[in-house]
Amino acid sequence: CFSSSIKWKFLEHKGPVFAPPYEPLPENVKFYYDGKVMKLSTKAEEVATFFAKMLDHEYTTKEIFRKNFFKDWRKEMTPEEKSTITNLSKCDFTHMSQYFKAQTEARKQMSKEEKQKIKDENERLLKEYGYCVMDNHKERIANFKIEPPGLFRGRGNHPKMGMLKRRIMPEDIIINCSKDSKIPPPPPGHKWKEVRHDNKVTWLVSWTENIQGSIKYIMLNPSSRIKGEKDWQKYETARRLKKCVDKIRNQYREDWKSKEMKVRQRAVALYFIDKLALRAGNEKEEGETADTVGCCSLRVEHIKLHPELDGQEYVVEFDFLGKDSIRYYNKVPVEKRVFKNLQLFMENKQPEDDLFDRLNTSILNKHLQDLMEGLTAKVFRTYNASITLQQQLKELTNRKSSKILSYNRANRAVAILCNHQRAPPKTFEKSMMNLQSKIDAKKEQLADARRELKSAKADAKVRRDEKSKKSVESKKKAVQRIEEQLMKLEVQATDREENKQIALSTSKLNYLDPRISVAWCKKWGIPIEKIYNKTQREKFAWAIDMAEEDFEF
DNA sequence: AATTGGACTTAGAAAAAGCGGA
DNA sequence: TCCGCTTTTTCTAAGTCCAATT
C-alpha cells in the first residue's frame, strides 16, 4: 500500500517538559576531600550530587563506573577543583547522601495537603503537555518529560556505566508537527534546534543523547491509534506465519543437508529461533555496549555439545547473556542433523569465534522475506508466544480449575519460553513466610468453624427449634466462606512461588495476541479486569472491542 | 556488500500509588 | 490513620529492522 508510509495529516502538541533546573545544596551540606571541607562550584556540585544519590547502589563500587564518573566529573570542574580533586577515593559524599535521604524521608512525612498540592501540579502538567492532537484525535503522549541529567546506568557489564548524561536544552530539541498546527514555543530566551514537518514518522520530539550518540524520541502512548494499529498488524503478521510455518519448518530441515555452508548455518539458526524463541542477534560495536548476543551473533563459547547427557542424545547446552544481560541457560536435545552441523560449524574455531560465521541478521531476514512477505526473525517469537498461550489455555482451563491460576500458568509457560526473567523480589522469602502464616491461621480458623458447626448441629438435633436450625445454617455458611478464603490463599501461594524469578508482564504486553485472552475471558465468563489492569485495557482496547468468544489465533 | 543512521518495539528496575490489616 | 506490602506506572536502556550511504 503506497500511502502506508504517511503516518498522519495533522499533528499538534505543546513540546516537551524540561527537567527542573539544578538547585544548589544548602550551605550546611558539606562535601569533603581528603578529610577537609570543600566548597564546590555549582556545576561540579551538581554532578557530585548524582554520585551521592547513588552511594548505596552497587554501581558506585564498580571500577568502570567510578572511572567513567570521575573522568566526566572532572570535565565539569573549575581549574582549581581539577587540580585539587585528583582521587575519587578521597572524596566523601556521605554528608550529601544523608541530606538526600533526609529529604526523601521528609517527603514521605509531608501532610496530606502538601502531597495533594504536588499531585495537583503533576496533573496540571499532564493536562497541558501530556496530550497531543493527531488527525482529529486527542492522544496521550507516552513520555513528554525530557530525561533529566544524571549518571548513565547501563545493564550488565556496560563499558560506559557512570558516564555523565548531560542536561538536554531546547537548543538540542527537534520538534516535529504539522505545518498548519500551532507550533510549540521554546522556553523564553531559547530556540529549538529545528522545527520540521515530517508526516512519514510518528514522533513529536527528538534529541541526540551523548552516551551512545543515539536519537531519543517522544512518542505516543500505546493506547493511541497509531500504536494500536501497528500492534494489531504485528499479530496479523504472526497469524500469517501460522499458515505457512509447517512449510517453513520442512524447508529448513531440508536445508540442514544443503551443500552450501551458508544455507546450513541459516537453517540451523532459524531452527533455534523457531524452537527456542531466540532473538535475531544483530552485531554490536565492540566496547560500546555490554557483551550480549542473540542467535546470529552466538559464539562458539556460548554452546557446549553433549553427544549424550542424562540419558538423552545430542544435547546442546546454551549459556550466554542476551538482551539486558539476562542469562540464557538451557540444555536442549536436538535432532542428530542439527548436532552434526553444529560440530561442523565449530571445527577449527576458537571459543571467541562466531558460531555462524557465514550468517548475519540481514542475510537471515532477506531469506525470511522470500518465504513470506513481512516475515522477519522476531515474528517467530510473537507467533510461538501467542500459539503457546492459546494451547496452554486450552489445556489448563477446565470447570474445576482456578481460572486465574490457569491463566497465569499459561502466561508463565510463554514467559519461560521467551526467557523473561526478573531479579527475585528482595522481600520474596519474607512475603512467602507471611503468606504461609496467613494460610496456617486460616486453617485453624476453619477447624474452629467446623467444630462450632458440629456442636450447633448436635444442639439442633436435641432442641429441634427454628433458632437452632438457623444457627446451623449460618455456621454452615461460615465454614464455606472460610474454605473459599483458604483456597484463594493457597492458590495465591502456588502462583507466587512459581513466579519467583519470572516476569509475566513483558510477554503479556508485547508477545501475546490480546484477542486470545479476550476470547478466553468471554468463554469462561471471567471479567476482563481480572486479566488486564487499566493501562493494559487501554492498550488493548482494539482487541477488547473486536474479539469474540470464538476467536482463534 | 558493508556500514551507518534512524525509527520503532521490547525490556527490567525503580519509583509511586494503592490497599488491607493492625 | 499509619504501616508494610503489592500492584501499577514511570523511566529509559537495549534490542530489531529498514533504508540510505559509502
Side-chain angles (χ1 to χ4, degrees), chain A residues 5 7 54 57 59 104 107-109 112 115 118-119 122 126 130 142-148 150 152-156 158 160-161 165 174 176 198 200-203 206 208-209 211-222 226-227 230-231 233-234 273 279-285 288-290 292-297 321-326 360-366 368-369 374-382 385 415 418-423 425-428 430-432 434-435 438 441 492 496 501-511 532-536 538:
Chain A
S5 61
K7 305 290 167 43
M54 292 178 75
H57 205 288
Y59 272 118
T104 311
R107 229 171 297 135
K108 269 194 234 158
Q109 299 302 325
K112 239 185 187 167
K115 281 183 185 166
I118 292 173
K119 218 174 154 186
N122 284 337
L126 174 66
N143 55 326
F144 59 91
K145 289 179 186 158
I146 300 279
E147 296 169 20
F152 176 77
R153 308 149 85 119
R155 305 278 176 91
H158 196 117
K160 298 194 172 184
M161 63 167 86
K165 229 173 80 164
I174 303 175
N176 192 34
D198 182 357
K200 305 281 203 299
V201 297
T202 67
W203 54 267
S206 76
T208 303
E209 53 89 31
I211 305 290
Q212 321 272 359
S214 65
I215 309 172
K216 299 239 171 169
Y217 303 93
I218 291 183
M219 289 187 187
L220 296 193
N221 200 65
I226 206 153
K227 295 287 184 189
K230 199 82 190 293
D231 209 33
Q233 262 180 29
K234 174 180 79 184
I273 284 172
R279 295 186 184 82
N282 286 303
E283 301 101 299
K284 305 167 79 186
E285 214 178 327
E288 293 293 299
T289 59
T292 63
V293 297
C295 185
C296 294
S297 51
L321 297 181
K323 181 176 180 180
D324 292 321
S325 293
I326 298 291
N360 61 40
T361 55
S362 114
I363 294 170
L364 179 66
N365 279 334
K366 219 164 267 160
L368 292 177
Q369 194 59 236
L375 186 61
T376 62
K378 80 196 263 284
V379 179
F380 283 88
R381 255 167 98 81
T382 311
C418 294
N419 199 39
H420 290 142
Q421 297 188 27
R422 60 167 188 179
K426 289 202 169 56
T427 54
F428 185 84
K430 206 170 127 206
S431 93
M432 226 40 218
N434 286 345
L435 194 53
K438 263 191 198 172
Q492 208 184 358
R496 197 180 298 179
Q501 302 199 60
I502 298 167
L504 299 185
S505 59
T506 302
S507 50
K508 202 172 183 179
L509 232 47
N510 300 300
Y511 288 101
Y532 290 140
N533 67 32
K534 183 167 147 281
T535 318
Q536 294 164 341
E538 281 167 8

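Proteins get letters first, then strands, A, B, ... in listed order; numbering begins at 1 in each. Just so it is clear, the values below take in all heavy atoms, side chains as well, and ignore hydrogens, waters and symmetry mates.
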Would you mind classifying the nucleic acid contact of Pro222(A) as base, sugar-phosphate or nothing, using non-hydrogen atoms under 4.0 angstrom?
nothing
Looking only at heavy atoms, what is the nearest atom pair of Met161(A) and Gly154(A), with distance?
CB-N, 4.4 Å
Watson-Crick and G-U pairing of DNA chain C written in dot-bracket, each distance under 3.5 angstrom, with | for inter-strand partners:
||||||||||||||||||||||
Distance check, rounded to the nearest 0.5 Å: Asn282(A) atom CG versus Asn360(A) atom CG?
8.5 Å
Do you know the tightest heavy-atom contact between Ile226(A) and Thr202(A)?
CD1-CG2, 3.5 Å
Which part of the nucleic acid, if any, lies within reach of Lys160(A) when heavy atoms closer than 4.0 Å are counted: base, sugar-phosphate only, or nothing?
nothing
CG of Leu364(A) versus P of dA1(B): gap in Å, rounded?
16 Å
What heavy-atom pair brings Trp203(A) and Met219(A) nearest, and what distance separates the two atoms?
CB-CG, 4.0 Å
Check this one for me: any side-chain N or O of Asn143(A) less than 4.0 Å away from OP1 or OP2 of dC11(C)?
no
How many Å lie between CD1 on Ile211(A) and P on dT12(C), as a whole number?
13 Å
Over all atoms of both residues, closest heavy-atom pair of Leu364(A) and Ile273(A)
CD2-CD1, 3.5 Å
Rounded to the Å, how far apart are Leu321(A) CG and dA11(B) P?
16 Å
Take atom CD of Gln421(A) and atom C1' of dA11(B), then tell me their distance rounded to the nearest Å.
13 Å
Could you list, one pair per line, each protein nitrogen or oxygen that sits under 3.5 Å from a nitrogen or oxygen of nucleotides 3-5 of chain C, together with the distance?
residue	atom	partner	partner atom	Å
dC5(C)	OP1	Lys430(A)	NZ	3.0
dC5(C)	OP2	Lys430(A)	NZ	3.4

Show the distances under 3.5 angstrom between N or O atoms of the protein and N or O atoms of nucleotides 16-21 of chain B.
none

Could you tell me the separation between the OH atom of Tyr532(A) and the C1' atom of dT8(C), rounded to a whole number of Å?
16 Å
Heavy-atom nearest pair, Lys165(A) first then Pro148(A), reads CE-O, 3.8 Å
Tell me, please, which residues at least two apart from Tyr511(A) pass ring-ring contact (aromatic ring centres under 6.0 Å, His included).
His420(A)
Can you measure Lys216(A) atom NZ to dC8(B) atom P for me and round it to whole angstrom units?
16 Å
Restricting both atoms to N or O, compile the protein contacts to nucleotides 14-18 of chain C shorter than 3.5 Å, with distance only.
residue	atom	partner	partner atom	Å
dA14(C)	OP1	Arg155(A)	N	2.7
dA14(C)	OP1	His158(A)	ND1	3.3
dA14(C)	O4'	Asp324(A)	OD1	3.4
dG15(C)	OP1	Thr292(A)	OG1	2.9
dG15(C)	OP1	Asp324(A)	N	3.0
dG15(C)	OP2	Lys284(A)	NZ	2.9
dT16(C)	OP1	Ala280(A)	N	3.3
dT16(C)	OP1	Gly281(A)	N	2.7
dT16(C)	OP2	Asn282(A)	N	3.1
dT16(C)	OP2	Asn282(A)	ND2	2.9
dC17(C)	OP1	Thr376(A)	OG1	2.8
dC17(C)	OP1	Ala377(A)	N	3.3
dC17(C)	OP1	Lys378(A)	N	2.7
dC17(C)	OP2	Asn365(A)	ND2	3.1

Hey, which of these two, Ala423(A) or Ile363(A), hits DNA chain B nearer its 5' end, going by closest nucleotide?
Ile363(A)
Shorter than 3.5 Å, N or O on both sides, protein versus nucleotides 4-7 of chain B: list them out with atom names.
residue	atom	partner	partner atom	Å
dA7(B)	OP1	Trp203(A)	NE1	3.4
dA7(B)	OP2	Tyr217(A)	OH	2.7
dA7(B)	O5'	Tyr217(A)	OH	3.3

Find the distance Gln233(A):CD to dC8(B):P and express it as a whole number of Å.
12 Å
Quick one: do Glu538(A) and Lys534(A) satisfy salt bridge (charged side-chain N to carboxylate O under 4.0 Å, His left out)? Show the steps, please.
CA-CA 6 Å; Glu538(A) 281 167 8; Lys534(A) 183 167 147 281; 3.8 Å; yes
Euclidean distance, atom CG of residue Asn176(A) to atom C1' of dC8(B) [Å, nearest integer]
14 Å
